[in-house]
Amino acid sequence: MKTLKGRLTILADNVVAGKNEGLGEHGFSVYVETEKGNFLFDTGRGKTIVHNAIVFNKDLKALKKIVISHGHADHTGGLPEVLRFHHRIDVMGHLDIFLDRFRKDDEGHRNYGGIPYQKGFLEKAGANFVFNEDPVEIEQGLFLTGEVPRQTPFESGDMGNRFGIREGKVVPEIILDDQSMVIQTAKGILIVLGCAHSGTINMIDHAIQITGVDRIFGIVGGTHLDFSGDEQLEKTIQALRAYRIEHLIPAHCTGISVAARLYREFKGIFQFSRVGKVVEF
Ligand SMILES: [Fe+2]
Ligand SMILES: [Fe+2]
């Protein structure tokens, strides 16, 4: 089994802390450095990625590929900013990152909730899209999960009000494009979540199934637990106890109050995420 060594640095997140010049926004992005090259996982909303890359000394030119976890604007909005540094670069993601999607407000108005740029515009800016639905090994030891089987009965939170337009028809939307990056390290797998709309536990189980490794070095990223209701939170906490996890670093859409709760529940393995946070692996 090939394992990778390297580090990841959070370049966009909701929280800033400590003495640095980093900026926060509701979005997420991680710069992943490995001996097989550097990869960018998500791009944040677009207001902070370039600034934070300079502050934390991460070269956006030195990327081998860009990976998009799902089409929401807080993960894709910075794509044009990053593409400025490239003539042409592979951008990996699920085809549904371009799904026309919306949520309805209380008066029934549609609020567009998809990627804020058209595919042709991004291609012109240098993106070479590579789509996947199934798991793919981008480099030996570096995986993208593909679509995540929804297996737990309790991870359906925050799904009721989402719609997509497929072949002209409005259909319920479950964010099939949601996928994570999984890095095989010498200490187990490191799972990098976007928003985990498919469920943090579903995602962990899928990552274990893809790699055949059940030792979890770390979980980093958005869990969406801030928006998923109390039942999902309680059951996720219970379920998390069954895994061997060394570092639990929930970020972004986990929210501050849920992060504080997880800190109390998982003392010893929990770390607060923030812009500039580094995880060595
Ligand atoms: Fe998000
Ligand atoms: Fe999202």
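Start at 1 and go down the list; that is how both ligands and their atoms are numbered. The structure displayed is predicted, hence computed values, not measured ones.
If you chain together ILVMFWY residues whose side-chain heavy atoms come under 4.5 Å of each other, Phe227 ends up in a group of its own.
A distance-only check finds a donor-acceptor pair linking the side chain of Glu155 to the backbone of Ile201 [under 3.5 Å].
Each protein N, O or S atom less than 2.8 Å from the Fe ion (ligand 1) was counted, giving 4.
Minimum heavy-atom separation, Asp42 to Gly194: OD2-CA, 3.9 Å.
Scored by the salt bridge (charged side-chain N to carboxylate O under 4.0 Å, His left out) test, Asp74 finds no partners at all (sequence neighbours excluded). Evaluation of the ring-ring contact (aromatic ring centres under 6.0 Å, His included) rule for Phe131 yields Phe129 as partners, not counting sequence neighbours.
Its N, O or S atom nearest to the Fe ion (ligand 2) is what matters here, and for His197 that atom is NE2.
Around NZ of Lys2, the count of heavy atoms belonging to other residues, nucleotides or ligands within 6.0 Å exceeds 12.
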